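To start, the structure under review is shown below, and the notes come after it.
Letters A, B, ... mirror the listed sequences (proteins, then strands); counts begin at 1. The model shown is predicted, which means the values in this text are computed figures rather than measured ones.
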Number of protein chains: 2
Amino acid sequence: MAEVLDGEHVHLTADEVHARAVAKLPEISRATVYNTLGELVTLGEVLEVSTDQRAKRYDPNAHRPHHHLVCARCGAIRDVHPSGNPLADLPDSERFGFTVSDVEVTYRGVCPNCAAA
Amino acid sequence: MAEVLDGEHVHLTADEVHARAVAKLPEISRATVYNTLGELVTLGEVLEVSTDQRAKRYDPNAHRPHHHLVCARCGAIRDVHPSGNPLADLPDSERFGFTVSDVEVTYRGVCPNCAAA
DNA sequence: TCCTACATTGGACTCAGTCCAAGTCAAATG
DNA sequence: CATTTGACTTGGACTGAGTCCAATGTAGGA
């Protein structure tokens with residue numbers, strides 16, 4: 001089942017993952033897809049991305065740290081590798097006692113497609 | 001109705017906003033709260049924050065640019081003002097033709113409360 | 001006073017995600 | 001080989017957040 005996501009450099013919703021899974025295992029249920037995605041997420045194999053859209057998206061590219069560029073109109077997502085490490089930009093005085101383990105940077109804008117339309 | 005959010009430096013869900021609104025205008029409906037929140041968002045008076053939780057949260061502090069520190073356990077949110085400007089860290093070559101207008105940085109970690117528990 | 005325009009209501013609806021009892025299968029055991 | 005056990009899967013019901021819309025209420029203008 002993991003193969004469904006593998007090699008895809010796109011960011012699918014759970015339903016899209018389900019649709020693809022069905023192509024290979026016609027009997028597979030949504031519950032199983034959610035279970036498996038959940039596992040993959042806790043294993044760190046896959047990343048959950050919550051955009052402004054309703055549905056979460058799943059990012060198979062969990063191994064290379066990267067950020068996301070989201071189109072505010074159509075919701076398209078691109079991976080992006082900025083320079084700089086925003087974690088370093090957060091001084092202790094701004095941590096309020098939190099144990100900060102992760103940063104997630106989301107750039108918002110309008111993609112070329114939507115800008116043209 | 002805007003007053004409900006005003007002065008609150010917390011990040012309420014729409015339902016919490018509704019609950020507070022009811023305290024002042026007992027007849028107010030959820031639909032109205034969503035309408036008003038939507039307007040405030042497009043006016044730029046209020047910020048929508050999507051965490052990993054299911055419900056979006058609304059941030060009344062839209063005027064000072066800031067980022068968020070989210071507790072992965074309890075979902076608590078704190079405003080945070082890091083140094084540095086991550087927009088500048090995104091070279092043109094990583095913009096893929098997008099018109100990038102905004103960055104949103106979310107630090108994830110565990111808050112002191114949850115760490116203690 | 002009556003009309004019109006518009007915001008508000010409440011309730012039905014959608015959609016993503018979760019839950020759970022029942023079913024299925026395969027490996028382990030007798 | 002037959003049976004038990006345990007883990008995985010199923011499908012369908014359920015929940016919670018958000019949206020939609022027809023009906024109602026209200027304010028202001030003629």
Inset, instruction - Mind calculating the distance between CD (Glu27(A)) and C1' (dG23(C)) to the nearest angstrom? - result: 13 Å

Inset, instruction - Taking atom CG of Asn113(A) as the centre, report whether more than 12 heavy atoms of other residues, nucleotides or ligands fall under 6.0 Å from it. - result: no

Inset, instruction - Establish whether the base of dG18(D) is bridged to the side chain of Arg30(B) by a donor-acceptor pair shorter than 3.5 Å. - result: yes

Inset, instruction - Determine whether the side chains of Asp79(A) and His11(A) contain a donor N or O and an acceptor N or O closer than 3.5 Å. - result: yes

Legend entry - Atom pair distance, as rounded to whole Å: NE2 in His18(B) and C1' in dG16(D): 15 Å

Inset, instruction - Flag the pair Tyr107(B) / Glu94(A) as yes when at least one side-chain heavy-atom distance between them is below 4.5 Å, and no otherwise. - result: no

Inset, instruction - Return the value, rounded to whole Å, for the distance between atom CG of Asp52(A) and atom P of dT19(D). - result: 11 Å

Inset, instruction - Give a yes or no answer on whether the side chain of His68(B) reaches the backbone of Glu104(B) with a donor-acceptor pair at less than 3.5 Å. - result: no

Legend entry - Nearest-nucleotide pick for Ala55(A), side chain only, options being dG17(C), dT10(D), dA17(D): dG17(C)

Inset, instruction - Starting from the 5' end of DNA chain C, give me the residue, Asp15(A) or Asn35(A), whose nearest nucleotide shows up first. - result: Asp15(A)

Legend entry - Length of the line joining Leu37(A):CG and dT18(C):P, which is rounded to integer Å: 10 Å

Inset, instruction - Grab the CD1-C1' distance between Ile28(B) and dT9(C) for me, whole Å please. - result: 10 Å

Inset, instruction - For Leu25(B) and dT9(C), give me the distance from atom CG to atom C1', rounded to whole Å. - result: 13 Å

Inset, instruction - Would you tell me if any nitrogen or oxygen in the side chain of Tyr34(B) comes within less than 4.0 Å of OP1 or OP2 on dT19(D)? - result: no

Inset, instruction - Tell me what Ala31(A) touches on the nucleic acid: a base, only sugar-phosphate, or nothing, going by heavy atoms under 4.0 Å. - result: base

Legend entry - Earlier contact from the 5' end, DNA chain C, for Glu39(B) and Arg54(B): Glu39(B)

Legend entry - Under 4.0 angstrom between Thr32(B) side-chain N/O and dT9(C) OP1 or OP2: yes

Legend entry - NZ/NE/NH1/NH2 to OD/OE distance under 4.0 Å, Asp15(B) and Arg30(B): yes

Inset, instruction - Would you kindly give the CG-to-C1' distance between Leu12(A) and dA16(C), to the nearest whole Å? - result: 15 Å

